[in-house]
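A short worksheet on the structure shown next.
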Amino acid sequence: MRIVDVNEFYSPTGGGVRTYIDRKMAIMAEMGHELICVACGTEDRVEERMGGGRIVFVKSPGMPFDKNYGVFWRYEPIWRLLDELDPDVVEASSPWRPAWIVGRWQGRALKSFFMHNDNIAAYPMRWLEGLASPEAIEDRCAIYARYMNRFLSLYDTVVTNGPALQKRLARRGVRVDAAMTLGIERSHFSPQLRDERLRAAMLRQLGLSPEAHLLLGMGRHHGEKRWPMVIDAVERAGERIPVGLMLLGTGPQSHRIERRIAGSPHIKMFRPVYQRPELARIMASCDALIHGSEAEPFGLVPSEAMASGLPLIVPSSGGCAEVADPLTSETYAPRNALDAARAIERLFAREPAILRKAAIVAATRVRTDREHAADLIEYYRARIDARTDRLAA
């Protein structure tokens, strides 16, 4: 099967979308399938991937507010490429211009719109927080749901990256046909990588003894991640139990976060760790992961943490809540620092040996990216067969 993903979120400089597509490309090649990504570039060129697959860059204008990304604008270059590549399945994921470019292409391929994010939860819900209720904001944004359904009518199938986004879109009346839950490259992560000496060293950096609790907060420094709320929660919990927080990440709010934690002796910010072996050791050597975003469509970082044997402290809605194992996790009311502090205290009030054992078992059940790819291929094959049967009837 040949799949072409027309994806303007694929950046030559890196990012989560690139990581997902590159890994998916390698897995599909091993399975005997071909994934080709059509991406924005500063020039027309093709980048072959070892083992199979390729990136076809189409010269495109840069995105005004982020030069790491481009914007597909003209129909003809994409249509011409799709005609040449003649895929069995063509995917799109941007709700803007590419949604219409791919949707209006007149080729034989099964057209699939793959939902990866929730723009309403990530932006209006956050920007208008405190000015209106979530229900009122949803009502105001109903026009966006109607807009989506207009271009989704051009597609043979609409899938999401997990049940959290599927439920959210369904409540708005947006068409969704299936949830193809993502997975992680689980082989990188393991509870067996836990290093007590590393843990003690990290706690020392936070001014704490080995008897204290070590929380990990990992991700982009962006408003939707709600790091100030997480910091508030850890400080509140720290008034009653010995607990520290390591923040790994960077982003547009890094300076703001740095100023916020200036007076917090047990909370420190560190640069991202990009080397998988080092990151896996750090994750396995912490005591729990805390996450603040209720807008996550899929809990990638929480899944990696669980695969490392970490308990989770996450909001009670969104993608993080969907992947959290109740036996090893505590949830709290979204956007509520006081409730998050209580969740921290509840988790560390549990019997440590029982919690550790449950977390090790949970690590073996984390969904893999290979399972995601296999399920997606099977789903597409079934949809193609059903369409063929209808046309033959």
_Single-linkage hydrophobic cluster Val230~Val243, side-chain heavy atoms < 4.5 angstrom_ = yes
_Same cluster or not: Tyr75 versus Tyr155, using hydrophobic residues (I, L, V, M, F, W, Y) connected whenever any side-chain heavy atoms lie under 4.5 Å apart?_
yes
Take the angle between the ring planes of [X] and [Y] and call it parallel below 30°, perpendicular above 60°, tilted in between.
| X | Y | result |
| --- | --- | --- |
| Tyr147 | Tyr144 | parallel |
| Phe114 | His372 | perpendicular |
| Trp100 | Phe151 | perpendicular |

Check ion pair [X]-[Y] (N to O, under 4.0 angstrom):
| X | Y | value |
| --- | --- | --- |
| Arg226 | Glu294 | yes |
| Arg281 | Asp195 | yes |
| Glu34 | Arg2 | yes |
| Arg370 | Glu185 | no |
| Lys167 | Glu322 | yes |
| Glu345 | Arg236 | no |
| Arg194 | Glu196 | yes |
| Asp88 | Arg383 | no |
| Glu258 | Lys268 | no |

Identify the two heavy atoms, one from [X] and one from [Y], that lie closest to each other, and give their separation to 0.1 Å.
| X | Y | result |
| --- | --- | --- |
| Ile261 | Met269 | CD1-N, 3.7 Å |
| Ile231 | Ile267 | CG2-CD1, 3.8 Å |
| Arg199 | Pro210 | NH1-O, 2.8 Å |
| Pro191 | Ile360 | CB-CG1, 4.0 Å |

Around atom [atom1] of [X], are there more than 12 heavy atoms from other residues, nucleotides or ligands closer than 6.0 Å?
| X | atom1 | value |
| --- | --- | --- |
| Glu84 | CD | yes |
| Arg108 | CZ | yes |
| Arg346 | CZ | yes |
| Trp73 | CH2 | no |
| Glu378 | CD | no |

Just by distance, no angles: are the side chains of [X] and [Y] close enough, under 3.5 Å, to form a donor-acceptor pair?
| X | Y | answer |
| --- | --- | --- |
| Ser60 | Glu8 | no |
| Ser209 | Glu211 | yes |
| Tyr332 | Arg342 | no |
| Tyr10 | Asp22 | yes |
| Ser254 | His221 | yes |
| Tyr380 | His33 | no |

*Does the cation-pi check pass for Arg45 over Phe57, that is, NZ or CZ under 6.0 Å from the six-membered ring centre and within 45° of its axis?*
yes
*For Val159, does its backbone N or O pair with a side-chain atom of Asp177 as donor and acceptor, under 3.5 Å?*
no
*Show the numbers, then the answer: is there a ring pair (Phe, Tyr, Trp, His ring centres under 6.0 Å) between His116 and Phe298?*
CA-CA 8 Å; His116 280 284; Phe298 169 71; 9.9 Å; no
